[in-house]
Amino acid sequence: MREIDRRVRFLMKRTEDLTIVYPDPQQEGRVFFGAWVTLINEDDIEVVYRLVGPDEWDVKRGEISIDSPMARALLGKAVDDEIVVNAPEGERVFDIVNISYKLTR
């Protein structure tokens, strides 16, 4: 019970700090917070990620933290840009093929 109370207090404090972020029409065509980004890797495999807050990420749902190396490499980029991400297995190269601020799946 104590663990649940501690978690509830933590979540209550977090909700006070939350801010709803709405996409700005001027950012259309570039990768910023909240964007769904479709990428093709060097093996021609397509992956889709959404840039979310550091407390919201869930890789199984395709959501990555804005603080992750992948998201940092994507920020400000446009369709047809190439990004290089330092992964544990070495550098990975991706091409951006689509950017959307609405769920496209």
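Paired with Arg30 under the rule side-chain contact (heavy atoms from CB on, under 4.5 Å), one option of Asp81, Ile96, Leu75, Val79 passes, and it is Asp81.
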Next on the checklist: Test side chain to side chain contact (heavy atoms under 4.5 Å, CB included) on Ile66 and Val52; report intermediate values, then the result.
Outcome noted: CA-CA 6 Å; Ile66 194 80; Val52 297; over 6 Å; no
Next on the checklist: Assess the residue pair Trp36 and Val48 against the criterion (side chain to side chain contact (heavy atoms under 4.5 Å, CB included)); give the C-alpha distance rounded to whole Å, side-chain angles, the decisive distance to 0.1 Å, and a yes or no.
Outcome noted: CA-CA 7 Å; Trp36 287 95; Val48 179; 3.8 Å; yes
Checklist entry - Going through the checks in order, is the side chain to side chain contact (heavy atoms under 4.5 Å, CB included) test met by Phe32 and Leu51? => result CA-CA 7 Å; Phe32 294 103; Leu51 279 59; over 6 Å; no
Item to check | Step-by-step side chain to side chain contact (heavy atoms under 4.5 Å, CB included) determination, Glu63 to Val59 | outcome: CA-CA 5 Å; Glu63 298 172 338; Val59 177; over 6 Å; no
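Atom CG of Asp55 sits in a crowded spot, with more than 12 heavy atoms from other residues, nucleotides or ligands closer than 6.0 Å.
Considering OG1 of Thr38 and CZ of Phe94, their distance stands at 12.5 Å, rounded to 0.5 Å. Note: Met70 CE to Asn86 CG = 11.0 Å, rounded to the nearest 0.5 Å. Within the model, atoms CE of Met12 and CZ of Arg7 stand 13.0 Å from one another, a figure rounded to the nearest 0.5 Å. With rounding to the nearest 0.5 angstrom, the CZ atom of Arg50 is 12.5 Å from the CG atom of Asp58. Taking CZ from Arg6 and CE from Met1, the interatomic distance works out to 14.5 Å, rounded to the nearest 0.5 Å.
Heavy atoms only, all atoms of each residue included: Ile99 and Lys77 are closest at CD1-O, 3.7 Å. Contact detail for Pro54 and Ser65: the closest heavy-atom pair is CA-OG, 3.5 Å.
Here Arg92 pairs with Glu89 in a salt bridge; the nearest charged N to carboxylate O distance falls below 4.0 Å.
A chain of hydrophobic side-chain contacts below 4.5 Å, direct or via other Ile, Leu, Val, Met, Phe, Trp or Tyr residues, connects Val47 to Tyr101. Val85 and Trp57 are members of different hydrophobic clusters when ILVMFWY side chains are connected at heavy-atom separations under 4.5 Å.
Considering only heavy atoms from C-beta on, Ile83 comes within 4.5 Å of Leu74 through its side chain. Looking at heavy atoms from C-beta onward, Val93 lies in side-chain contact with Glu82 at the 4.5 angstrom threshold.
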